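Each remark here refers to the structure printed beneath this line.
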Amino acid sequence: MAGTLDTDVGTELFASHEADFKLVKADITQKLDQINELFGEPRKAALRAIERSIDEADEIIGQMRLEIQNIPTVSRQRINPRLRNYTHDLDIAKRTLRKLSENADRDALFGARGAGAGGSGDAVTDQRQQLLSGTDRLDRSSQRLRDSHRLANETEAIGAGILGDLRGQRETIINTHSMLQESEGYVDKSIKTLRGMARRMATNRIITIAIITVLVLLILAVIASKFS
């Protein structure tokens, strides 16, 4: 089952329901593990107790579904997978209880038919109980294998998503690098243009100074010719 929920803002009540669910789920798991050791009335009483615990867990799941609507979106995205796992675990417990109940009803029917068979009927009943216990263990093992396969598929899907994100980030970095190179080219062109403008301005300044100097010399020459 999923790890402990971080206590973010707005998740306190959900965390409380989650803790209650984990306690009830642990009680259900313990009772299911012990059910194969019980027969007769103790087994029926244990099945009824498991059914009550499952109903309680189902009610807690309903409260968690209501409370998750009041949780901020960022936290909700992190909590939703946990709630789905809790619901999946509860569905497994319901299916297991249904199989156990069906087996109990079948045992009661066979027991009633063989009640007059004496000691041989008891031996057949014991063998039947052992066979049913082995079937239950096989069902649980198969369910664990299916759960492991499901988790492996989910992990593979998450890994594929991460690889896709990394691929997208790589393309973004490559595009950014190309844009930087283009920007550097534009900067180089701008620097060359500015340098050319600076050279032209310097040349124009020199020409202007030369013209002014020539004009001053001409004026001086005219003035000097008048006084000579």
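Treat the numbers as computed from the prediction; the structure is a model and nothing was measured.
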*Please round to the nearest 0.5 Å and tell me the distance separating atom CG of Asn175 and atom CG of Leu180.*
11.0 Å

*Other ILVMFWY residues reachable from Leu220 by side-chain steps of under 4.5 Å*: Ile212, Val216

*For Leu218, which fellow cluster members are found when Ile, Leu, Val, Met, Phe, Trp and Tyr are connected by side-chain heavy-atom distances below 4.5 angstrom, either directly or through intermediates?*
Val214

*4.5 Å side-chain heavy-atom contact, Gln181 and His177*: yes

*Can you name the residues that form a side chain to side chain contact (heavy atoms under 4.5 Å, CB included) with Asp55, not counting sequence neighbours?*
Glu51

*Apply side-chain hydrogen bond (donor to acceptor under 3.5 Å, both in side chains) to Thr96 and list each qualifying residue two or more places apart in sequence or on a separate chain.*
none

*Are any non-hydrogen side-chain atoms of Ile71 and Ile68 less than 4.5 angstrom apart?*
yes

*Mind checking who shares a hydrophobic cluster with Ile211, ILVMFWY linked at side-chain heavy-atom distances under 4.5 Å?*
Ile207, Leu215

*Reported CD-to-CG distance for the pair Glu18 and Leu23, which is rounded to 0.5 angstrom*: 11.0 Å

_Which Ile, Leu, Val, Met, Phe, Trp or Tyr residues join Tyr186 in one cluster when any pair of side-chain heavy atoms under 4.5 Å counts as a link?_
none

_Considering all heavy atoms, the nearest Leu13-Glu67 contact_ = CD2-OE1, 3.1 Å

_side-chain hydrogen bond (donor to acceptor under 3.5 Å, both in side chains) involving Asp27 - partner list, sequence neighbours excluded_ = Lys31, Ser53

*Between Leu32 and Leu100, is any pair of side-chain heavy atoms under 4.5 Å apart?*
yes

_Listed partners of Arg195 passing side chain to side chain contact (heavy atoms under 4.5 Å, CB included), at least two apart_ = Ile191, Arg199

_salt bridge (charged side-chain N to carboxylate O under 4.0 Å, His left out) contacts touching residues 159-186 (sequence neighbours left out)_ = none

*Calculate, to the nearest 0.5 Å, the distance between atoms CZ and CZ belonging to Arg82 and Phe21 respectively.*
13.5 Å

_According to salt bridge (charged side-chain N to carboxylate O under 4.0 Å, His left out), who are the partners of Asp91, at least two apart in sequence or on a separate chain?_
none

*To the nearest 0.5 Å, how far apart are CD in Gln169 and OG1 in Thr176?*
11.0 Å

*Any donor-acceptor pair under 3.5 Å linking the side chain of Ser178 with the backbone of Ile174?*
yes

_Minimum heavy-atom separation for Ala93 and Ile54, please, with both atom names._
O-CD1, 3.7 Å

*Could you grab the distance from atom CG of Leu90 to atom CD1 of Ile28, nearest 0.5 Å is fine?*
6.0 Å

*Residues in salt bridge (charged side-chain N to carboxylate O under 4.0 Å, His left out) contact with Glu41, at least two apart in sequence or another chain*: Lys44

*Compare all side-chain heavy atoms of His17 with those of Ile61 and state whether any distance is below 4.5 angstrom.*
no

*Asp20/Gln63 under side chain to side chain contact (heavy atoms under 4.5 Å, CB included): CA gap, chis, key distance, verdict*: CA-CA 11 Å; Asp20 293 339; Gln63 294 173 350; over 6 Å; no

*Search all heavy atoms of Leu47 against all heavy atoms of Ser101 and return the closest pair with its distance.*
CD1-CA, 4.4 Å

*Quick one: do Arg95 and Ile92 satisfy side chain to side chain contact (heavy atoms under 4.5 Å, CB included)? Show the steps, please.*
CA-CA 5 Å; Arg95 288 196 296 269; Ile92 293 174; 3.4 Å; yes

*Pick out which of Arg65, Lys25, Lys94 makes a salt bridge (Lys or Arg N to Asp or Glu O under 4.0 Å) with Asp58.*
Lys94

_Counterpart residues, side-chain hydrogen bond (donor to acceptor under 3.5 Å, both in side chains), relative to Arg146 (two or more places apart)_ = Gln143

